[in-house]
Amino acid sequence: MVRVGVTGAAGRMGRHLIQAVTQQEGLVLAAALGRPGGSYLGTDAGLLAGGAPLGVPVVDSLHRVLDALDVVIEFTTPSSTLAHLEACRNAGKAMVIGTTGFDAAHRRIIEEHARHIPLVFAPNMSVGVNALYGALRQMAQVLGEEYDVEIIEAHHRNKVDAPSGTALALGEVVAQALGRDLKSVAVYGREGITGVRDSKTIGFSTIRGGDIVGDHTVMFAGPGEQVEISHRASSRMNFARGAVRAAAWLAGRRPGLYDMQDVLGLSGK
């Protein structure tokens with residue numbers, strides 16, 4: 001059995017992860033972490049997630065439970081994730097990171113730690129989204145330069161980063177397929193007199209409101225037609241299931257930086 005620790009246990013994603021771990025064959029929940037001072041500390045993780053007791057109390061320190069773990073699943077904030085990642089590296093424990101909002105310096109830190117431990121890092125753990133990447137790559141190559149590319153994403157009001165990590169990943173797939181550098185061609189929102197659209201740009205539009213779990217649409221607007229590829233998440237459980245699938249896949253892997261394409265056998269490696 002692969003022993004799993006879930007951070008951010010009291011959050012919406014944390015509760016889904018606890019449920020998903022208990023439903024995944026070959027995994028066992030060995031630890032659940034929450035914020036220091038949280039009123040839920042000491043509560044059984046199963047009860048916190050709305051299920052049966054699991055005999056796993058929520059604690060406030062990863063260091064207290066690392067010896068009992070094989071892999072940590074992390075969906076929190078960049079600062080918390082990097083602190084937990086350092087602890088996992090020092091203890092030789094694997095990690096699954098679904099946290100978003102990292103900058104370039106953060107990513108370099110993640111890459112460095114992955115030289116020492118096996119690590120799955122992906123902006124979206126959904127199996128559906130990751131299956132979509134291949135279709136999107138093919139569509140971009142077929143439609144080519146005559147089609148303008150716009151990416152529209154919508155999330156709940158509490159999401160703090162924009163555009164979403166998934167939207168950026170979709171943009172990267174399209175840019176690579178078209179031989180472009182996303183950093184050079186990305187346009188994040190428009191206002192005022194913007195002038196005629198540069199055909200090489202890839203536009204991003206962001207919506208924040210309500211409790212939208214996650215919607216992403218890539219639009220190819222060409223002469224006389226529009227082609228769209230969309231993914232709409234109706235529950236966070238699909239992200240949780242992908243993350244626990246990644247945790248199971250990591251068992252016995254060599255140190256390295258992996259993503260969900262590797263987990264699903266779609267990377268061609």
Engineer: How far apart are the closest heavy atoms of Gly34 and Val58, and which atoms are they?
Structural biologist: N-CG1, 3.6 Å

Engineer: Determine whether more than 12 heavy atoms belonging to other residues, nucleotides or ligands lie under 6.0 Å from atom CG of Asn158.
Structural biologist: yes

Engineer: For Tyr133, does its backbone N or O pair with a side-chain atom of Asn130 as donor and acceptor, under 3.5 Å?
Structural biologist: no

Engineer: Closest approach of Val244 and Leu17, non-hydrogen atoms and distance?
Structural biologist: CG1-O, 4.3 Å

Engineer: Of all the heavy-atom pairs spanning Leu82 and His106, show the shortest one and how long it is.
Structural biologist: CD1-CD2, 3.4 Å

Engineer: In Å and rounded to the nearest 0.5 Å, what is the CD to CG distance from Gln176 to Leu178?
Structural biologist: 10.5 Å

Engineer: Under 6.0 Å between the ring centres of Phe75 and Phe239?
Structural biologist: no

Engineer: What I want to check is whether the side chains of Glu74 and Thr76 have a donor and an acceptor closer together than 3.5 Å.
Structural biologist: yes

Engineer: Considering all heavy atoms of both residues, which atom of Ala30 and which atom of Ala68 are nearest to each other, and what is their separation?
Structural biologist: CB-O, 3.6 Å

Engineer: Under 3.5 Å, is there a donor-acceptor pair between the Thr7 and His84 side chains?
Structural biologist: no

Engineer: Please answer whether the main-chain N or O of Gly55 pairs with a side-chain N or O of Asp44 as donor and acceptor at a distance below 3.5 Å.
Structural biologist: yes

Engineer: Provide the closest heavy-atom pair for Val96 versus Met125 in the form atom of the first, atom of the second, distance.
Structural biologist: CG1-CE, 3.5 Å

Engineer: Any pair with a residue in residues 157-177 that passes salt bridge (charged side-chain N to carboxylate O under 4.0 Å, His left out), sequence neighbours left out, goes on the list, sorted by first then second residue, please.
Structural biologist: Lys159-Asp161

